[in-house]
Student: 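Pasting a structure here, questions to come.
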Amino acid sequence: MKFSARPAQAVTIQRMVDEAYQLIALRMGAGKTVATLTAIGQMGVKALVVAPKRVAELVWHAEAGKWDHLSSLTVSKVLGPIAARLEALMVDADVYVINRENFSWLVDLVKESGQPWPFACVVIDENRGFKDRASKAWQALKSVRGQIQKLFILTGTPDPNGDLLDL
């Protein structure tokens with residue numbers, strides 16, 4: 001399918017390419033995923049997407065396969081049992097998608113290996129699991145933040161509880 005960016009998507013893509021970090025708060029269904037994949041493709045960086053389990057399983061690879069301009073972008077799903085996750089990490093891909101619950105496992109794995117953080121770009125798809133500074137996910141992200149060149153948080157519900165501090 002041919003992609004024609006809507007105005008909000010065009011702005012999103014450009015900001016992701018130009019800026020080191022962004023909160024992308026667009027309503028649900030506004031095309032955050034295709035905009036993010038487009039920006040990743042333009043930047044030519046290895047990216048990690050941290051998403052809710054169901055979104056990680058179903059959305060990112062399907063969206064990459066849907067659009068003509070993303071046909072060369074490869075997506076590896078780092079999901080399931082440890083052996084399957086390790087195998088998915090060995091695949092040479094542009095985008096690796098992991099669920100939020102396994103993100104701290106991945107951070108620990110990289111630290112234990114003694115290797116530098118391998119993802120220039122990290123995308124947090126829905127930041128619910130990262131709002132609490134005491135959470136394992138937040139602590140894991142904080143521990144590798146200095147090695148991440150591009151960090152994007154995507155949300156369709158930036159303030160679900162009406163609390164400005166949540167934003």
Student: Ignoring hydrogens and angles, tell me if any N or O in the side chain of Asp125 forms a donor-acceptor pair with the backbone of Val50 under 3.5 Å.
Tutor: no

Student: Test your reading of the model: is there a side-chain donor-acceptor pair from Glu57 to the backbone of Pro52, 3.5 Å cut-off?
Tutor: no

Student: Give a yes or no answer on whether the side chain of Arg6 reaches the backbone of Ala30 with a donor-acceptor pair at less than 3.5 Å.
Tutor: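 Looks like yes, one N/O pair under 3.5 Å.
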
Student: Could you tell me the separation between the OH atom of Tyr96 and the NZ atom of Lys46, rounded to the nearest 0.5 Å?
Tutor: 4.0 Å

Student: Measure the acute angle between the ring planes of Phe3 and Trp67, then classify it against the limits of 30° and 60° as parallel, tilted or perpendicular.
Tutor: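 Ring orientation, 0 to 90° scale: perpendicular.
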
Student: Indicate yes or no for a side-chain donor-acceptor contact from Lys150 to the backbone of Val17 under 3.5 Å, with no hydrogens or angles considered.
Tutor: yes

Student: If you round to the nearest 0.5 Å, how far is CE of Met16 from CD of Gln42?
Tutor: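 Here the rounded value is 11.0 Å.
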
Student: Nearest 0.5 Å, what's the OH-CD1 distance between Tyr21 and Ile124?
Tutor: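 Tyr21 atom OH to Ile124 atom CD1 measures 15.5 Å (nearest 0.5 Å).
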
Student: Return the CG to OG distance between Leu141 and Ser104, rounded to the nearest 0.5 Å.
Tutor: 11.0 Å

Student: Would you say Lys53 has more than 12 foreign heavy atoms packed within less than 6.0 Å of its NZ?
Tutor: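 Not more than 12 within 6.0 Å, no.
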
Student: Above 12 or not: heavy atoms from other molecules or residues under 6.0 Å from CD of Gln147?
Tutor: yes

Student: Just verifying a value: how many Å separate Leu37 CG and Lys66 NZ, rounded to the nearest 0.5 Å?
Tutor: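 Rounded to the nearest 0.5 Å, the CG-NZ separation comes to 11.5 Å.
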
Student: Surrounding NZ of Lys136 (heavy atoms of other residues, nucleotides or ligands, distance under 6.0 Å), is the total greater than 12?
Tutor: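 12 or below, so no.
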
Student: Please check this pair: side chain of Lys32 against backbone of Arg27, looking for a donor-acceptor N/O pair closer than 3.5 Å.
Tutor: yes

Student: Let me see the working for Leu70 and Val34 under side chain to side chain contact (heavy atoms under 4.5 Å, CB included), right down to the final yes or no.
Tutor: CA-CA 9 Å; Leu70 299 175; Val34 69; 4.1 Å; yes

Student: Can you tell me how far the CG atom of Leu106 sits from the CH2 atom of Trp117, to the nearest 0.5 Å?
Tutor: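 Taking CG in Leu106 and CH2 in Trp117, the distance rounds to 4.5 Å.
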
Student: Side chains of Leu48 and Phe103: does their closest heavy-atom pair fall under 4.5 Å?
Tutor: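 Sidechains of Phe103 and Leu48: in contact.
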
Student: May I ask you to test the Val59-Val97 pair for a side-chain heavy-atom distance under 4.5 Å?
Tutor: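 The answer is no; the side chains never approach within 4.5 Å.
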
